[in-house]
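Read the structure below first, then the notes.
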Amino acid sequence: MESGPEAFAGAAFALFGAGLLVWTGVCLRTGAPVADGVSRPVATVTALLSGVVFLATGCWLLAALSP
């Protein structure tokens, strides 16, 4: 019963992190700005690091469900 919120949070973090990484990659590939009003290198590094952190956190939460 305790693992329900943990599974939801893990899935949400993992999906958001993966989505952020895919979105950043598409923006870089097409030349679209990653964020408005921010220099391209700063926005790219920040988005990539955030995506990795969110994905790692989601995977960690999902792995903690295993006995």
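- Residues L49 and V52 do not share a hydrophobic cluster, clusters being chains of Ile/Leu/Val/Met/Phe/Trp/Tyr side chains in contact below 4.5 Å.
- V38 belongs to a hydrophobic cluster whose remaining members, ordered by chain and number, are V42; membership requires side-chain heavy atoms of ILVMFWY residues under 4.5 Å apart, directly or through intermediates.
- Here the closest heavy-atom approach between residue A47 and residue T24 is recorded as CB-OG1, 3.4 Å.
- C27 and R40 make their closest contact through O-NH2, 3.8 Å (heavy atoms, listed as atom of the first residue, atom of the second, distance).
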Let me see the working for L48 and V45 under side-chain contact (heavy atoms from CB on, under 4.5 Å), right down to the final yes or no. CA-CA 5 Å; L48 289 175; V45 169; 5.9 Å; no
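- Grouping Ile, Leu, Val, Met, Phe, Trp and Tyr by side-chain contacts under 4.5 Å, direct or through others, puts F13 with F16, L20, W23, L28, V34, F54, W60, L61.
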